[in-house]
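Just dropping this structure here.
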Protein chains: 2
Amino acid sequence: MVKTEKIDSTQERILAAAKRVFLEQGMAGARMQDIADKAGINKALLHYYFRNKDKLFETIFKEVSSQFFPKITDVIESDMPLFGKIERFCSEYIDMLQKNSFMPMFVLSEVHKQPQRFKERFWKNMGPVLARFVGEIEVEMKKNKIKKMSAGQLFLNMVSLCIFPFIAKPLWMVSSGMDEARFKQFMEERKKEVPKFIIESIKN
Amino acid sequence: MVKTEKIDSTQERILAAAKRVFLEQGMAGARMQDIADKAGINKALLHYYFRNKDKLFETIFKEVSSQFFPKITDVIESDMPLFGKIERFCSEYIDMLQKNSFMPMFVLSEVHKQPQRFKERFWKNMGPVLARFVGEIEVEMKKNKIKKMSAGQLFLNMVSLCIFPFIAKPLWMVSSGMDEARFKQFMEERKKEVPKFIIESIKN
DNA sequence: ATCTTTGTTAACCTTTTGGTTAAACTATAT
DNA sequence: ATATAGTTTAACCAAAAGGTTAACAAAGAT
């Protein structure tokens, strides 16, 4: 029906605008007026759809963060060899971040400012996912396929190498003189470089 | 003289308070009243010392960011072998960040929000520093001491592994269940783990 | 002693910002 | 046609936040 279509389109325009503004400015820096403008609507209408800034933010944060925490499960449960899994994880994760390059800064910055709130509202069953990956790594170590090292450190290395470049992107572009296209290409190379770098380091 | 001492002590209390608040909340989230309270003074006095929020922020940002951008020069110009330099760089940098763990998120988040402003006001002669390090790496590659790879990628890997853990610290603590002490220990181990990880990967 | 400069405060002003209201418009069902 | 429920807006409000003023205190300089 026409009605539903229109409701959806307005709501979607709001969500799209809110996402853009929140990702760029963060919760504290975002202005409701700015969101309304970018959605092409009146500010009151914003409050009609989402009672207040907090509710709107939470909606966006939920959506964005659910994407940010990668579904490692798929990769782990596949029956590839460990190195293949690392390759796939890095490559797919970097690829996803490339399409949402503001995501890491947004999520981590907000968690940074309100870790307690984050823990209470968003941290459901993320623990097991990490634990499973760490577990698998430890198995490979015992089988002597890879060097002995802290699985936690290795995991942190992996995500650091994938995520950090997007957090440092503006700084990196300014200091290296790369433009958007060149940066994209640089990240493209990284999809292969990062897993190679990791595997080279841990293989026995 | 007594006079100067008192001026300094008030100004220093302001700067200390401002640093704390800006590092925790960022420019947009920081409140002048909050800074005044934490410095134990009237809000008007804040404006007496620093004309406005922007000026105060700039003062803090300058100070913090100058620390954040490490003086690689020292390390590079020393006549250690490359691997020694990498070890020293990582270890010293992680050590410094451990004493200022909010620094990375603060600097990068602000650069992220206003890259243009940052470029104009703060980006003086940082280029050469990076270039020099990259240059040295390329020399080692030609001497076949290390594997051939993009020096830019390698440099980005290095800083990623050093900096990212502090950006993800709150998230990591929540998801791994580490407390402050355990995290500190974890980072302590990292001072050796990171350079080891890198060297293991690049050595020929 | 008193004049001047510097430091400090309480009270006030202005702008920004999140949020509300009441009225108008739209579409659909009766 | 008209009642009704949902959508949209202009105008408004209250609180928060940045910033200013004018008066007062402290310390030196004359």
Side-chain angles (χ1 to χ4, degrees), chain A residues 1-64 106 109-110 113-114 117 121, chain B residues 1-62 106 109-110 113-114 117 121:
Chain A
M1 355 160 187
V2 178
K3 196 177 157 190
T4 322
E5 271 174 34
K6 209 179 178 191
I7 290 174
D8 282 356
S9 99
T10 299
Q11 194 160 338
E12 273 162 29
R13 288 209 334 270
I14 291 176
L15 285 171
K19 192 170 168 179
R20 217 177 114 196
V21 175
F22 278 132
L23 281 165
E24 273 175 38
Q25 306 295 330
M27 165 69 169
R31 300 290 156 236
M32 295 297 269
Q33 187 61 59
D34 191 17
I35 296 174
D37 290 348
K38 290 208 166 67
I41 56 160
N42 189 289
K43 201 179 51 160
L45 195 55
L46 204 55
H47 287 86
Y48 174 75
Y49 278 91
F50 301 88
R51 235 175 285 303
N52 53 41
K53 194 182 180 183
D54 236 64
K55 289 264 195 303
L56 180 55
F57 173 79
E58 202 136 319
T59 307
I60 299 292
F61 188 84
K62 231 172 221 158
E63 191 217 305
V64 174
F106 172 68
S109 168
E110 296 303 334
K113 276 162 203 159
Q114 310 202 20
R117 174 180 170 169
R121 304 196 196 177
Chain B
M1 352 159 189
V2 179
K3 195 177 162 189
T4 323
E5 272 174 34
K6 209 181 178 191
I7 291 175
D8 282 356
S9 99
T10 299
Q11 194 160 338
E12 273 162 29
R13 287 206 339 268
I14 292 177
L15 286 171
K19 191 170 169 180
R20 216 177 117 197
V21 175
F22 277 132
L23 280 165
E24 272 174 39
Q25 306 295 330
M27 164 70 168
R31 298 289 105 108
M32 295 297 269
Q33 187 61 60
D34 191 17
I35 295 173
D37 291 346
K38 290 208 164 69
I41 56 161
N42 189 289
K43 200 178 48 157
L45 195 55
L46 205 54
H47 287 86
Y48 175 76
Y49 279 92
F50 301 89
R51 234 174 289 301
N52 54 40
K53 194 182 179 182
D54 236 65
K55 289 265 195 305
L56 181 54
F57 173 78
E58 203 136 316
T59 306
I60 299 292
F61 188 84
K62 230 171 222 158
F106 171 68
S109 167
E110 296 303 334
K113 277 163 202 157
Q114 309 202 20
R117 174 180 170 170
R121 304 197 197 176

Respond yes when some side-chain nitrogen or oxygen of A:Y48 is under 4.0 Å from OP1 or OP2 of C:dT20, and no when none is.
no

Rounded to whole Å, please give me the gap between CD1 in A:I14 and C1' in D:dT8.
11 Å

Which pairs pass side-chain hydrogen bond (donor to acceptor under 3.5 Å, both in side chains) with one or both residues in residues 29-40 of chain A, sequence neighbours excluded?
A:Q33-A:D37, A:D34-A:K38

What pair of heavy atoms forms the shortest contact from B:L46 to B:A36, and how long is it?
CD2-N, 4.0 Å

Taking B:K62 for the side chain and B:R121 for the main chain, is one N or O donor matched with an acceptor at less than 3.5 Å?
no

Protein-nucleotides 20-23 of chain D N/O pairs closer than 3.5 Å?
none

Check the distance between D:dG19's C1' and B:K55's NZ and give it to me in whole angstrom.
13 Å

What do the steps show when you test A:N52 against A:M32 for side-chain contact (heavy atoms from CB on, under 4.5 Å), and what is the final call?
CA-CA 9 Å; A:N52 53 41; A:M32 295 297 269; 5.9 Å; no

Taken to the nearest whole Å, CG/A:L46 to P/D:dT9 is 11 Å

Distance check needed: C:dT17 P versus A:L56 CG, whole Å only.
16 Å

For DNA chain C, find the residues of residues 27-40 of chain B with a heavy-atom distance under 4.0 Å and give them by number; none if there aren't any.
none

Is it the case that the side chain of A:E110 and the backbone of A:M27 share a donor-acceptor pair, with hydrogens and angles ignored and the cut-off at 3.5 Å?
yes

Under the side-chain contact (heavy atoms from CB on, under 4.5 Å) rule, what do B:L15 and B:F50 come out as? Steps first, then yes or no, please.
CA-CA 10 Å; B:L15 286 171; B:F50 301 89; 3.6 Å; yes

A:I41 CD1 to D:dA10 P, straight-line distance once rounded to whole Å:
12 Å

Side chains of B:K113 and B:S109: is there a donor and an acceptor less than 3.5 Å apart?
yes

Are more than 12 heavy atoms from other residues, nucleotides or ligands located less than 6.0 Å from atom CZ of A:R117?
yes

Hey, could you give me the CD1/CZ distance between B:I35 and B:F22, rounded to the nearest 0.5 Å?
4.0 Å

In whole angstroms, how far is the P atom of D:dG18 from the CZ atom of B:F57?
14 Å

When rounded to whole Å, the CG to C1' distance for the pair A:N52 and D:dA14 reads 16 Å

Taking the minimum atom-to-atom distance to the side chain of B:T10, which one of D:dT8, C:dT8, C:dT9 wins?
C:dT8

